[in-house]
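Have a look at the structure below, then the notes.
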2 protein chains.
Amino acid sequence: MQKVDVYKLIERMAALIRSEERKRCTEMGLQVVHLQVMDYLSRCNKYSNTPVALTNYLGMTKGTVSQTLLLLERKGFVRKEADLADKRMVHLYLTEEGQLMLGQAYPSDLFSNAGLFLEAHNPDLTEEPFINALTALQKAHKSNSFGLCKTCKFFTHTNDGFLCGLTKETLTQSDSEKICQEHTLL
Amino acid sequence: MQKVDVYKLIERMAALIRSEERKRCTEMGLQVVHLQVMDYLSRCNKYSNTPVALTNYLGMTKGTVSQTLLLLERKGFVRKEADLADKRMVHLYLTEEGQLMLGQAYPSDLFSNAGLFLEAHNPDLTEEPFINALTALQKAHKSNSFGLCKTCKFFTHTNDGFLCGLTKETLTQSDSEKICQEHTLL
DNA sequence: TATGCCCTGTTTCGATTCGAAACTAAATGG
DNA sequence: CCATTTAGTTTCGAATCGAAACAGGGCATA
């Protein structure tokens with residue numbers, strides 16, 4: 001029963017992160033959503049860089065996502081590309097400017113500083129409990145878990161690399177380390 | 001160097017929590033900010049239930065906070081009370097309706113379900129690494145840490161209870177377990 | 001191949017948020 | 001006693017937000 005309190009702690013961390021993000025965005029003249037969108041696009045794999053995936057990931061309506069993308073496109077941070085196979089679909093990419101802006105707006109120094117503190121004061125800390133907490137949260141989260149490709153139940157190793165058991169396509173190392181909307185826990 | 005990755009995991013959890021919050025808010029006809037404000041008011045102590053504290057906690061401008069509070073007041077979720085000592089200040093309280101709404105909108109079942117998973121699959125998991133991670137993040141966070149009163153360096157025990165070394169006031173058990181804007185790490 | 005349904009994404013609407021800047025009023029501090 | 005700081009409000013224009021209607025591509029089934 002004390003275990004539940006782990007999530008109180010995680011919420012507190014989430015609140016701090018949110019606050020930092022908001023300040024950064026304000027400084028850069030962005031909205032928080034913009035940062036979230038660009039961050040997602042920089043981390044998701046080729047199956048997941050579509051407006052619908054974004055809609056599910058962020059928990060917004062598709063109309064709102066469409067609007068936000070329009071603005072990000074207008075500002076030159078995001079580029080759209082029609083899917084060749086399915087003409088309904090659109091793939092989203094960060095432009096050079098988008099990547100640059102993301103790098104500036106993202107509170108990476110907060111995390112690296114916190115990481116340094118952690119390393120200095122708790123040298124024997126491991127990632128394991130955090131991985132377990134994330135997995136439990138993904139399971140409790142009703143809809144898609146949006147996990148890393150390589151932790152998916154459809155992810156398999158082959159002679160010459162990696163394979164997605166769902167799409168039957170081969171995957172690069174980089175693919176396997178990105179967020180996938182089809183991610184399914186074991 | 002692997003330690004830094006702990007925060008990648010925490011970010012992923014934060015993103016999932018955010019997504020769930022947004023969905024809940026939409027269902028209840030609220031904006032995410034409203035939930036954040038009400039959640040904060042339900043957790044903060046008597047020194048920290050003011051618009052400025054909210055402004056710092058959420059990382060928004062005071063104008064925006066003022067607007068948001070106006071709306072929450074109009075909807076009957078929040079009540080304002082002038083400070084008796086300092087007439088510039090205002091104290092904010094959740095109304096009965098506000099508490100009720102917060103209870104409904106808050107994704108508490110997500111956390112309790114996740115807690116159950118965690119308990120079932122990792123019975124020997126402790127809170128310690130999470131406390132350490134939060135403390136490190138609070139230290140890295142430049143501005144106020146917004147920690148729990150009882151973890152503050154000004155918090156002291158006396159014969160008949162608790163005392164805040166900053167305001168020299170006695171504190172109740174409940175006070176000591178709430179968020180304080182004056183919170184300072186050791 | 002035609003019909004109907006589902007899916008992806010856009011558009012439009014009105015209410016709300018957001019940040020910026022100007023503002024009021026109260027406290028503070030020489 | 002006056003300048004400065006601090007708490008909070010007001011006003012403005014741009015952007016967000018959700019809801020609902022819409023357009024059009026896929027796909028199954030007849």
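Letters A, B, ... mirror the listed sequences (proteins, then strands); counts begin at 1.
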| task | Could you tell me whether Glu128(B) atom CD has more than 12 heavy atoms of other residues or ligands within 6.0 Å of it? | result | no

| task | Classify the side chain of Ser66(B) and the base of dG8(D) as holding, or not holding, a donor-acceptor pair under 3.5 Å. | result | no

| field | Sugar-phosphate, base or nothing in reach of Lys80(A), heavy atoms under 4.0 Å | value | sugar-phosphate

| Shortest non-hydrogen contact from Val78(A) toward Leu94(A) | CG2-CD2, 4.2 Å

| field | Spacing of Lys75(B) atom NZ relative to dA15(C) atom P, expressed in whole Å | value | 13 Å

| task | Select base, sugar-phosphate, or nothing to describe what Thr26(A) touches, counting heavy atoms under 4.0 Å on all strands. | result | sugar-phosphate

| Touch class at under 4.0 angstrom, heavy-atom based, for His91(A) against every strand present | nothing

| query | To the nearest angstrom, how far is Leu54(A) atom CG from dT10(C) atom P? | reply | 11 Å

| Whole angstrom value for the distance that separates P of dG29(C) from CG of Asp86(B) | 12 Å

| field | Other residues, nucleotides, ligands: >12 heavy atoms within 6.0 Å of Lys87(B) NZ | value | no

| task | Using heavy atoms to find the nearest nucleotide of DNA chain D for Leu71(A) and Lys87(A) separately, return the residue whose nucleotide is more 5′. | result | Leu71(A)

| Over how many whole Å does the gap from Glu73(A) atom CD to dG9(C) atom C1' extend? | 12 Å

| Expressed in angstrom and rounded to an integer, what is the separation of Glu27(A) atom CD from dA20(C) atom P? | 10 Å

